[in-house]
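Taking it in order: structure first as structure tokens, then the write-up.
Heavy atoms only: backbone and side chains are in, while hydrogens, waters and symmetry mates are out.
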Amino acid sequence: MADPKGFLTTGREVAETRPVEERVNDWNEVYKPGSLLPIISKQAGRCMDCGIPFCHNGCPLGNLIPEWNDYAYRDDWAGASERLHATNNFPEFTGRLCPAPCESACVLGINQPAVTIKNVEVTIIDKAWENGDVTPQPPERLSGKTVAVIGSGPAGLAAAQQLTRAGHTVAVYERADRIGGLLRYGIPEFKMEKRHINLRIEQMRAEGTKFRTEVEIGRDIDAAKLRRRYDAVVIAAGATTARDLPVPGRDLKGIHQAMEYLPLSNKVREGDFVSSPISAAGKHVVVIGGGDTGADCVGTAHRQGAASVTQLEIMAKPGEERSPNQPWPTFPMLYKVTSAHEEGGERLYSVSTTHFEGDEDGNVQWLHMTEVEFKDGKLEQKPGTERKIPAQLVTLAMGFTGVDRENGLVEQFGLELDERGNVARDGDFQTNVPGVFVAGDAGRGQSLIVWAIAEGRSAARGVDRFLTGASSLPAPIRPTDRALTV
């Protein structure tokens, strides 16, 4: 193990954020550059190298966490990078964006603050890029087989990289104008600067992966024709059908889905716009939805100069400690203060929107809501709690309900869906159409980035076996695997 007494002598320290008054005036990542390196070796030394490392079970990728903690403790950054990449194609993404279920499953976390696994991970990969330890890994020989990957989010990129390295000729199709999927246009710059994506795309191009942007399968290219053109197809198009809010006034101007609002600020950062066509500047902003996407809307509104920001959540406020019905090593529902919440705004829990009110020009001006409570297993409104708050920009961040059914991809392939609206698949991630596989949210439903990468890696093994009859590629999960929950 790293430091046998580390968990006894060293307290938990996490990455230091830049001052709020500084970071809300730019779009750079919120963490202070270089703040981790002086402390990270000691933090890695807190790892106990457990006989049964439950952090492996908390992470669907099966990351070899005690091993790279040991390397990081000894300042062997090349060794740490090798161990990190053994299970994860893109640790710079997960180290910044994952909510770290591995830390919830850390054995030390039973009665002490868990090891800062996520901070160690991002330090290792940042050092690896800095030291030149991340290099292209082109295949030694080509198989002569071709694969199309639909979607360039984490699942699609992971599948594409694995299949390219296995020797297949892979083309990634992305309907947006740049590669990255929600990593590019759904994640604000202050959470992950897009230079990290660009570095990986350069690596993948050097390995032989081809990229086709502004091509939507189902609209620009018939899915059935694509299937005939390639030996196999991987659908990694995500679960992009957003959950809506069917209440009176929903059609007023100024009410937008989060994925209509967030990408525009990223396009400003890419130089496509001088300012966002949907801006919070000077407006009273209401974000409906208490998850990570809602927090992204909050942070974006702060940087655009909102007059006020209010985030609504229909569920009750979570506790700050594990509840008895969410024991270790499960991922608990805890009250979380993200960097966006540190920057200001109000958070309201146990409230439900009843309707919107607009002005004479059809612009939203007020949001009417009521408090709710659970009774007999269902949410009911509490009489006498109705009120309204100013709302000149409303973003809906209430999650997603399944794969896109409007672009023709599902129908043209002839895909079967499960009861949740996701693309059905077998144990090899293959759909009902031979040679057509599905990975990521399109098959699993809305999930975490670590599950998306794990799905991409596992689906790549299924594709490789379909094309060659056998495969040595890793498959960290099965389609039926689920997170550690009660």
Side-chain angles (χ1 to χ4, degrees), residues 1-15 36-37 39-77 79-88 91 93-125 318-338 447-451 453-454 457 474-478 481-486:
M1 61 189 298
D3 181 355
K5 296 183 179 180
F7 68 98
L8 297 172
T9 60
T10 303
R12 177 181 167 106
E13 291 184 79
V14 297
L36 277 174
L37 202 54
I39 66 171
I40 208 63
S41 292
K42 281 193 173 183
Q43 290 302 304
R46 297 182 70 236
C47 178
M48 299 188 295
D49 194 12
C50 310
I52 300 177
F54 276 82
C55 54
H56 287 196
N57 300 83
C59 176
L61 285 166
N63 281 334
L64 306 173
I65 295 164
E67 295 185 31
W68 41 259
N69 273 330
D70 183 58
Y71 281 116
Y73 173 72
R74 303 176 192 284
D75 289 331
D76 184 352
W77 300 108
S81 174
E82 187 278 326
R83 289 288 79 196
L84 187 54
H85 282 98
T87 57
N88 188 351
F93 302 166
T94 53
R96 287 173 167 83
L97 305 177
C98 181
C102 54
E103 293 188 17
S104 299
C106 173
V107 173
L108 183 59
I110 295 176
N111 61 357
Q112 290 190 44
V115 175
T116 55
I117 299 170
K118 182 175 173 179
N119 281 181
V120 177
E121 177 182 20
V122 79
T123 304
I124 292 170
I125 184 56
E320 296 187 11
E321 296 183 358
R322 284 183 184 270
S323 62
N325 67 342
Q326 295 175 344
W328 174 91
T330 62
F331 188 70
M333 297 298 295
L334 299 176
Y335 178 68
K336 184 168 65 172
V337 179
T338 70
S447 191
L448 304 178
I449 183 172
V450 277
W451 283 95
I453 296 174
R457 289 171 67 87
I477 59 170
R478 298 165 297 183
D481 286 344
R482 292 296 181 266
L484 277 174
T485 56
V486 180

Apply side chain to side chain donor-acceptor pair (under 3.5 Å) to Thr338 and list each qualifying residue two or more places apart in sequence or on a separate chain.
His341
Ser104 versus Arg322: any side-chain heavy-atom pair under 4.5 Å?
yes
Minimum heavy-atom distance between Leu108 and Met48, given as atom pair plus value
N-CE, 3.6 Å
Give, for atom NZ of Lys42 and atom CD of Glu13, the distance between the pair rounded to the nearest 0.5 Å.
8.5 Å
List the residues meeting side chain to side chain donor-acceptor pair (under 3.5 Å) with Asp76, not counting sequence neighbours, and say none if there are none.
none
List the atom of Arg457, the atom of Pro476, and the distance in Å for their closest heavy-atom pair.
CB-CD, 4.1 Å
Looking at Ile124 and Trp68, what are the two nearest heavy atoms and their distance?
CD1-CE3, 3.5 Å
Working to the nearest 0.5 angstrom, can you tell me the gap between Asp49 CG and Phe7 CZ?
11.5 Å
Spacing of Asn69 atom CG and Asp3 atom CG [to the nearest 0.5 Å]:
12.0 Å
Run the side-chain donor-acceptor check on residues 52-67: report pairs under 3.5 Å with partners two or more places apart or on a different chain.
from  : atom 1 : to    : atom 2 : distance (Å)
His56 : NE2    : Asn63 : O      : 3.3
Asn63 : OD1    : Thr87 : OG1    : 2.5
Glu67 : OE1    : Arg83 : NH1    : 3.1

Output all residues satisfying side chain to side chain donor-acceptor pair (under 3.5 Å) with Arg46, sequence neighbours left out; order by chain, then residue number.
none
Tabulate below the donor-acceptor pairs under 3.5 Å that side-chain atoms of residues 114-122 make, not counting sequence neighbours, or state none.
from   : atom 1 : to    : atom 2 : distance (Å)
Lys118 : NZ     : Cys98 : O      : 2.7
Asn119 : OD1    : Ala15 : N      : 2.8
Glu121 : OE2    : Asn88 : ND2    : 3.2
Glu121 : OE2    : Thr94 : OG1    : 2.7

Those residues that, when tested against Arg482, pass side chain to side chain donor-acceptor pair (under 3.5 Å) (two or more places apart)
none
What one should report as the nearest heavy-atom pair of Trp451 and Ile477 is CE3-CD1, 3.8 Å
Within a strict 4.5 Å, meaning less than it, do heavy atoms of the Pro99 and Phe331 side chains meet?
yes
Nearest atoms (heavy-atom pairs only) where Trp77 meets Ala72:
CZ3-CB, 3.9 Å
Taking the side chain from Gln43 and the backbone from Val14, do they hold a donor-acceptor pair closer than 3.5 Å?
no
Between Trp328 and Cys106, is there a donor-acceptor pair closer than 3.5 Å when you use the side chain of the first and the backbone of the second?
yes
